[in-house]
Number of protein chains: 2
Amino acid sequence: MGAKEGLQGIEENINKALSNSETLILGCNCEVSYSGRAESHLDAGDRIIMIKADNTLLVHQPTGSNPINYMKEASHKIRAGKRIKGTLVLESSSNKESMKILINKLHFVHSAALEDGQKIQLNGTERDMAEMIMCSPDVIEDGLRPVKQEEQTKYGFVDVLAHDKKGNLVVIECKRYKGSLADVTQLRRYVEKIKKSKGISKIRGILASNGITPNARKMLEDWGFEHKQVEPPKYMERFNSRQRNLFDY
Amino acid sequence: MGAKEGLQGIEENINKALSNSETLILGCNCEVSYSGRAESHLDAGDRIIMIKADNTLLVHQPTGSNPINYMKEASHKIRAGKRIKGTLVLESSSNKESMKILINKLHFVHSAALEDGQKIQLNGTERDMAEMIMCSPDVIEDGLRPVKQEEQTKYGFVDVLAHDKKGNLVVIECKRYKGSLADVTQLRRYVEKIKKSKGISKIRGILASNGITPNARKMLEDWGFEHKQVEPPKYMERFNSRQRNLFDY
DNA sequence: TACTACATCTCGCAT
DNA sequence: ATGCGAGGTGTAGTA
């Protein structure tokens, strides 16, 4: 962005950056009002405002990892404040939501056309955990035989479906973190659904997770289900230990 | 930040800003590797890196509202790249996590000491919805009498507990959005818990939400629960309509 | 489009 | 510290 002087020049440059789908960063003292799915107001303080190429707007306070305010797929426009000389107003609106930011003092502005078509490669998800169990079902128990993946998908969201040594059907729900009450009720829903759809009365349910809370364990046992301690896999860790140089910048 | 020239000067200035707990913004082309709760790698592209006063690090791509990579409560240090001349490496580490960012090209840097002690005022939450029902229980049904708030807290997380016209105990779970399967199982948990703790066999369960999915409705009815259409309140909207000038910047 | 469930969820509150 | 549930959740996958 050019170094044109004065508020009006800044205003013009910001609006130009916005219409060019550049990524825009403002450091400023501002107050924020929002109305849409809920209503909010935030009194004046120093914040970073980011408007991305896809018109996502984020307002970040100097602490915390989440934006304190945000808008998605909105149109944005900046103009001079009507009430107080020297202020700017950033107005954002979308279908059902609107936001108004009063900028009391602009600390800095930066805009740039950014290019990034990369997608993240992520390992250690719940999906990876389920795949690990399907490839090595012994981590759950001896003699477990997972049903074929194509077969399993008929039953919807079940993480792993298998037969145990005695031929019982086993529903396994994976959680990468500590199992909770909600996780146990989720397992129960799947067991009940498959019981009904297959007309089988005895189906085992196993929560495979990295720990379980006491209340969740109690509910699990009350319902006749089981818990198996499993830690989520991190394939890249193994990969890195062999090829550490890849990330040795 | 000063305008000291050269990569080494930039490096020094960034590390100084970091040690001063300033908020730091980098626009750059970079690649990111993360290892901790999971493992990830992101190939080179243009991104915004933000490091806040509380050592939160965010990596934002030019689209999307969530950071593509992040770290909390980590320590950060920037240094020259070992392999490729002209590159910088930002290393972040915390107790159990680490991240390494190779900066191929630095587009811009900005740092500032930001001050913001404000907290957001938010209306229209689930809590507000529960309070609305307690103040105006008729929105659920005629003759409903909520039990006193202090009394209710004994039963834990139940949103609203009430007696109906016939004296039956009613458990109400509020959801500001469309009711889902998980919401119905949550209601069920609360009803079962209170049934047990009070030794009552008949307790009504009502899901008060802004809509309900078909499957959730079926499960709700199978279990003998009810749904009541309720929209979340937005107190500020009323407030604004009367005092619009407050936000007329 | 709607529905479903995951998330390196984050955050606040209560125990 | 841990348990628990909300979130203006966001996001991806699937029917």
Side-chain angles (χ1 to χ4, degrees), chain A residues 32 34-40 56 58-59 63-74 94 96-99 119-120 122-130 153-154 156-159 173-183 186 189-190 193 211-217 232 234 236, chain B residues 32 34-40 56-59 63-74 94 96-99 119-120 122-130 153 156-159 173-183 185-186 189-190 211-217 232 234 236:
Chain A
V32 187
Y34 160 80
S35 176
R37 285 174 287 184
E39 310 280 336
S40 76
T56 302
L58 306 171
V59 180
T63 61
S65 71
N66 278 351
I68 189 68
N69 278 113
Y70 57 93
M71 296 258 308
K72 287 171 64 182
E73 296 166 9
S94 70
K96 295 178 175 177
E97 301 182 291
S98 67
M99 186 176 292
K119 293 210 168 159
I120 198 165
L122 182 64
N123 290 108
T125 63
E126 190 173 300
R127 184 66 206 238
D128 294 324
M129 210 167 146
T153 51
K154 288 192 305 191
F157 300 105
V158 175
D159 285 334
E173 173 61 29
C174 303
K175 290 296 167 190
R176 56 195 313 289
Y177 45 84
K178 195 176 283 195
S180 69
L181 292 168
D183 300 332
Q186 186 184 357
R189 274 200 285 123
Y190 296 157
K193 186 182 166 196
I212 184 168
T213 68
N215 285 345
R217 178 179 291 281
K234 297 181 187 175
M236 206 172 279
Chain B
V32 187
Y34 160 80
S35 175
R37 285 174 285 184
E39 311 280 337
S40 76
T56 302
L57 178 149
L58 306 171
V59 181
T63 62
S65 72
N66 276 352
I68 189 67
N69 279 113
Y70 57 93
M71 297 251 319
K72 288 172 63 182
E73 296 165 8
S94 70
K96 295 178 176 176
E97 301 183 291
S98 67
M99 186 176 291
K119 294 208 166 160
I120 198 164
L122 182 63
N123 289 107
T125 63
E126 189 174 300
R127 185 65 203 239
D128 294 324
M129 209 166 145
T153 52
F157 301 107
V158 175
D159 286 333
E173 172 62 29
C174 303
K175 291 295 168 191
R176 56 195 313 287
Y177 44 83
K178 195 177 284 196
S180 69
L181 293 168
D183 300 330
T185 61
Q186 186 184 356
R189 274 200 285 123
Y190 296 157
I212 183 168
T213 68
N215 285 343
R217 178 179 291 282
K234 297 181 187 175
M236 206 173 279

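Throughout, a chain's letter reflects where its sequence line sits, starting with A, and its residues are numbered from 1.
- Among the atoms of the strands shown, none is found under 4.0 Å from any heavy atom of B:Tyr177.
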All N/O pairs under 3.5 Å across the protein-nucleotides 11-14 of chain D interface:
residue : atom : partner : partner atom : Å
D:dT11  : OP1  : B:Ser65 : N            : 3.1
D:dT11  : OP1  : B:Ser65 : OG           : 3.4
D:dT11  : OP1  : B:Asn66 : N            : 3.2
D:dT11  : OP2  : A:Lys72 : NZ           : 3.3

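- The CD atom of B:Glu126 sits 17 Å away from the P atom of D:dC4 (whole-angstrom rounding).
- In this structure, B:Lys96 reaches neither bases nor backbone, as no heavy-atom distance under 4.0 Å exists between it and the strands shown.
- Contact annotation: B:Tyr190 side-chain N/O to D:dG5 OP1/OP2 distance is under 4.0 Å.
- Mapping A:Arg189 and A:Arg176 onto DNA chain C by nearest heavy atom places A:Arg189 at the nucleotide closer to the 5' end.
- We find that CZ of A:Arg37 is positioned 5 Å from P of D:dT9, with the value rounded to whole Å.
- Every residue meeting the side chain to side chain contact (heavy atoms under 4.5 Å, CB included) condition with B:Tyr190, not counting sequence neighbours, appears here in chain and number order: B:Phe157, B:Val158, B:Val171, B:Glu173, B:Gln186.
- Here A:Ile212 lies out of heavy-atom contact (under 4.0 Å) with every strand.
- Taking only side-chain nitrogens and oxygens, A:Lys178 never comes nearer than 4.0 Å to OP1 or OP2 of D:dT2.
- Judged by atom type and distance alone, A:Glu97 reaches the base of D:dG8 through a side-chain donor-acceptor pair under 3.5 Å.
- Residue-level contact check: A:Asn215 touches the backbone only, with heavy atoms under 4.0 Å from sugar-phosphate atoms and none from bases.
- Put simply, A:Thr213 has a side-chain N or O that comes within less than 4.0 Å of OP1 or OP2 on D:dC4.
- A:Ser180 comes within 4.0 angstrom of nothing in the nucleic acid, heavy atoms only.
- For the pair B:Arg176 (side chain) and B:Met129 (backbone), a donor-acceptor distance under 3.5 Å is absent.
- Residue A:Gln186 is classed as a sugar-phosphate contact, given heavy-atom separations below 4.0 Å to backbone atoms only.
- Looking only at side-chain heavy atoms (C-beta outward), B:Pro67 and B:Val59 stay at 4.5 Å or farther from each other.
- Distances from the side chain of A:Pro214 to the nucleotides D:dG8, D:dG3, C:dT8 place D:dG3 closest.
- Residue B:Ile68 contributes atom CD1, which lies 14 Å from atom C1' of C:dC9 at whole-angstrom precision.
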